[in-house]
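Below is one structure, written out as structure tokens; comments come after it.
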Amino acid sequence: MDDVDDEFDIWEPKQKSPHVVLASIRLGVLRRFRDDAKDWEATGFRERELTLPEVFRRLPDTDITDTHLYRFPANPYGISGVDKAPPPLTNAIISFVQGTYQPIFKSMTTRALAEMELYVDDKGASDPETLLSFRNHYGGIVDLLTYLPFGSRTVDSQAIVCHYHFWNAYIYGRIHRGDKSKSVEKERGNLKSAAREQLATLQKMEVPTRSPLATLFHFQNLTNEMDILAELASLGAVKPSIIKGRADQTEYFKRVLWFNQLFPWRIEEPTQALIIAAHTGNEPALLMQFGALALQALVGALHCALNKGTFNRSHPVINYRAPLFEDEKPLADQKILQDYFEKTHPILIKELNLREIFKKPFSTRTAAIL
């Protein structure tokens with residue numbers, strides 16, 4: 001019988017650090033792919049994954065020690081209240097990876113994109129003042145870049161515009177989470193549509209670069225697109241057939257599985273794939289597959305957030321009645337997943353050996369690369 005703890009009744013979602021997440025992914029790329037890799041295909045893998053001490057020896061000198069690197073696999077989300085990688089280390093990892101692999105963006109663009117994440121990270125996405133502050137801080141330069149003639153735009157300038165619109169929509173959604181009024185839903189739709197329009201412009205631009213960072217760039221653009229489509233579908237602004245067509249055209253589910261094999265600690269991608277599967281027909285095999293991957297990643301992060309606390313399968317996070325992270329909505333609130341929660345999720349909770357994840361979290365597990 002699972003242990004019961006009354007504190008689960010008053011669960012408080014945790015704060016994560018987007019900057020630590022960005023650095024955790026970059027660290028994973030560095031450890032797995034050769035310096036001359038052209039993509040994420042198996043031919044680009046190192047013969048063996050770099051150890052953390054080997055990574056540390058390659059980094060420029062800083063005031064940090066190699067022990068700080070172990071905070072990445074132990075806490076890849078940078079969860080508050082748990083030891084996490086400090087800013088000098090996250091900055092060093094991001095800059096080093098940018099210089100090691102052929103980058104998509106100029107270094108100044110990478111700094112600008114990371115600075116947006118740090119800005120929201122510092123102020124908090126659910127604070128109403130953050131939205132006005134964010135728009136005042138970045139709106140002017142984004143307007144200038146937006147109205148450049150298409151021939152004068154670059155991948156760098158358009159990436160900044162897209163990043164701004166994604167964060168603008170995200171912050172608005174977090175501030176007004178739970179608000180179903182027509183005015184709020186209309187504005188959510190408008191902001192998502194604006195983000196979709198700017199992303200479509202970015203996707204039309206030629207990106208000749210071939211490197212692991214380029215593959216990551218294209219994959220993130222795809223997941224951003226699918227997130228926008230799913231949100232618009234929930235508002236009735238696009239038909240499910242559009243989502244299904246795009247998923248089939250891009251081999252979306254196959255690409256999410258590949259990403260998950262590289263980064264099994266990531267919750268977002270398999271969770272998004274679960275939602276997309278629900279939008280595209282509720283195929284039981286897809287719901288089971290991505291539901292399992294999402295739940296395993298979620299339990300691994302919950303183990304970190306509880307700081308090696310007691311496992312309990314009735315925890316509201318495991319049942320998706322409460323979000324793991326603040327500024328997020330409980331997944332159980334998504335009507336599109338009603339069939340999943342009625343038929344599939346209870347089976348996964350019973351059949352997956354979730355307790356074992358608490359004994360052996362992601363920091364000590366290795367993804368199987370096919």
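Remark: Q158 CD to F105 CZ distance equals 10.5 Å, nearest 0.5 Å. Atom CD in Q102 sits 9.5 Å away from atom CG in L213 (nearest 0.5 Å). Remark: Q203 CD to N224 CG distance equals 9.0 Å, nearest 0.5 Å. With values rounded to the nearest 0.5 angstrom, I141 atom CD1 is found 9.5 Å from T146 atom OG1. Atom-to-atom distance recorded for L199:CG and H163:NE2 is 12.5 Å, nearest 0.5 angstrom. Here the NZ atom belonging to K186 is positioned 13.0 Å from the CG atom belonging to L235, to the nearest 0.5 angstrom.
Listed for the N260 side chain is no donor-acceptor partner under 3.5 Å among the backbone atoms of V256. Between the S152 side chain and the L148 main chain, no donor and acceptor come within less than 3.5 Å of each other. Under a 3.5 Å cut-off, the side chain of N75 and the backbone N or O of D83 do form a donor-acceptor pair. Between the side chain of N168 and the backbone N or O of Y164, no donor-acceptor pair lies under 3.5 Å. No donor-acceptor pair under 3.5 Å is formed between the side chain of W167 and the backbone N or O of C162. In this structure, the side chain of S95 does not engage the main chain of A92 through any donor-acceptor pair within 3.5 Å. A distance-only check finds a donor-acceptor pair linking the side chain of H345 to the backbone of I318 [under 3.5 Å]. Although no hydrogens or angles enter the test, the distance criterion places no donor-acceptor pair under 3.5 Å between the side chain of S17 and the main chain of G78. Side-chain N or O atoms of R71 include one that pairs as donor or acceptor with a backbone N or O of K84 at under 3.5 Å. In this structure, the side chain of S157 does not engage the main chain of R153 through any donor-acceptor pair within 3.5 Å.
By the rule that hydrophobic residues join a cluster once side-chain heavy atoms approach within less than 4.5 Å of another member, F96 and L22 end up as members of separate clusters. Side-chain heavy atoms closer than 4.5 Å link hydrophobic residues (I, L, V, M, F, W, Y) into clusters, and following such links, even through other members, never connects L132 to I175. By the criterion of side-chain heavy atoms lying less than 4.5 angstrom apart, applied directly or through intervening Ile, Leu, Val, Met, Phe, Trp or Tyr residues, L262 is not grouped with I94; the two fall into different hydrophobic clusters. Placement of L287 and I347 within a single hydrophobic cluster is found when ILVMFWY residues are connected by side-chain heavy-atom separations under 4.5 Å, directly or transitively. L354 and F341 fall within the same hydrophobic cluster, where Ile, Leu, Val, Met, Phe, Trp and Tyr residues are linked whenever their side-chain heavy atoms come under 4.5 Å apart, directly or through other members.
Counting non-hydrogen atoms of other residues, nucleotides and ligands closer than 6.0 Å to CD of E115 gives a total above 12. No more than 12 heavy-atom neighbours from other residues, nucleotides or ligands sit within 6.0 angstrom of CD on E129.
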Practice task
Decide side-chain contact (heavy atoms from CB on, under 4.5 Å) for F166 and I228; before the verdict, give the C-alpha distance in whole Å, the side-chain angles of both, and the deciding distance to 0.1 Å.
Solution key: CA-CA 9 Å; F166 290 144; I228 292 169; 3.4 Å; yes

Stepwise salt bridge (charged side-chain N to carboxylate O under 4.0 Å, His left out) check, E49 with R31:
CA-CA 5 Å; E49 187 174 302; R31 296 183 70 184; 3.2 Å; yes

Please evaluate residues E187 and K192 with respect to the criterion salt bridge (charged side-chain N to carboxylate O under 4.0 Å, His left out), reporting the C-alpha separation (whole Å), side-chain torsions for both, the decisive distance (0.1 Å), and the verdict.
CA-CA 8 Å; E187 182 63 9; K192 285 290 183 178; over 6 Å; no

- Check step by step if salt bridge (charged side-chain N to carboxylate O under 4.0 Å, His left out) holds for E54 and R48. CA-CA 12 Å; E54 287 172 333; R48 63 171 181 80; 2.5 Å; yes

- Assess whether ring-ring contact (aromatic ring centres under 6.0 Å, His included) is satisfied between F263 and F259, documenting all intermediate values. CA-CA 6 Å; F263 304 99; F259 182 85; 4.9 Å; yes

task: With side-chain contact (heavy atoms from CB on, under 4.5 Å) as the test, would you mind laying out the steps for E328 and K16 before giving the verdict?
output: CA-CA 11 Å; E328 295 182 353; K16 65 180 176 180; 3.3 Å; yes

- R196 and V238: CA distance, side-chain angles, deciding distance, side-chain contact (heavy atoms from CB on, under 4.5 Å) verdict: CA-CA 12 Å; R196 183 187 183 191; V238 300; 3.7 Å; yes

Report task. Verify side-chain contact (heavy atoms from CB on, under 4.5 Å) between T110 and S107, making sure each step is shown before the conclusion. Result -> CA-CA 5 Å; T110 301; S107 59; 5.5 Å; no

**OP:** Please step through salt bridge (charged side-chain N to carboxylate O under 4.0 Å, His left out) for the pair R321 and D333, ending with a clear verdict.
**Re:** CA-CA 8 Å; R321 299 193 311 273; D333 290 351; over 6 Å; no

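By the 4.5 Å heavy-atom criterion applied to side chains, S133 and Y119 are counted as neighbours. Inter-residue side-chain proximity for L202 and Q198 is flagged as unmet; no heavy-atom pair is nearer than 4.5 Å. The closest side-chain heavy-atom distance from M108 to D156 is not below 4.5 Å. Looking only at side-chain heavy atoms (C-beta outward), V55 and T51 stay at 4.5 Å or farther from each other. Residues I276 and F290 are not in side-chain contact: their nearest non-hydrogen atoms beyond the backbone lie 4.5 Å or more apart. In this structure the side chain of I25 reaches within 4.5 angstrom of the side chain of R266, judged on heavy atoms. Counting heavy atoms from C-beta outward, T100 and R58 have side chains that approach closer than 4.5 Å. Taking 4.5 Å as the limit, every side-chain heavy atom of Y138 sits out of range of all side-chain heavy atoms of I160.
Geometrically, K38 does not engage W40 in a cation-pi contact defined by less than 6.0 Å to the ring centre and at most 45° from the axis. R34 forms no cation-pi arrangement with Y101, by the criterion of a distance under 6.0 Å to the ring centre and an angle within 45° of the ring axis.
Heavy-atom minimum distance, C304 versus I79: SG-CD1, 4.0 Å. Of all heavy-atom pairs between A278 and I336, the closest is CB-O, 3.5 Å. Smallest separation of non-hydrogen atoms from A37 and G44: CB-O, 3.6 Å. The minimum heavy-atom distance between L286 and A277, with the atom names listed, is CB-CB, 3.9 Å. Considering every non-hydrogen atom in both A195 and H165, the closest pair reads CA-CB, 3.9 Å. Across all non-hydrogen atoms, the minimal contact from L50 to L30 is CD1-O, 3.7 Å.
With sequence neighbours left out, R246 forms a salt bridge (Lys or Arg N to Asp or Glu O under 4.0 Å) with E225.
Between the side chains of Q272 and E268, no donor-acceptor pair of N or O atoms lies under 3.5 Å. Side-chain atoms of Y252 and T223 include no donor-acceptor pair closer than 3.5 Å. Side-chain contact of Q334 with Y340: a donor-acceptor pair under 3.5 Å is absent, judged by distance alone.
Classification of D35 and R46 as a salt-bridged pair holds, one side-chain N sitting under 4.0 Å from a carboxylate O.
Of the options T344, N319, V299, a side-chain contact (heavy atoms from CB on, under 4.5 Å) to I349 is made by N319 and by none of the others.
The ring of Y77 has its center closer than 6.0 angstrom to the ring center of W265.
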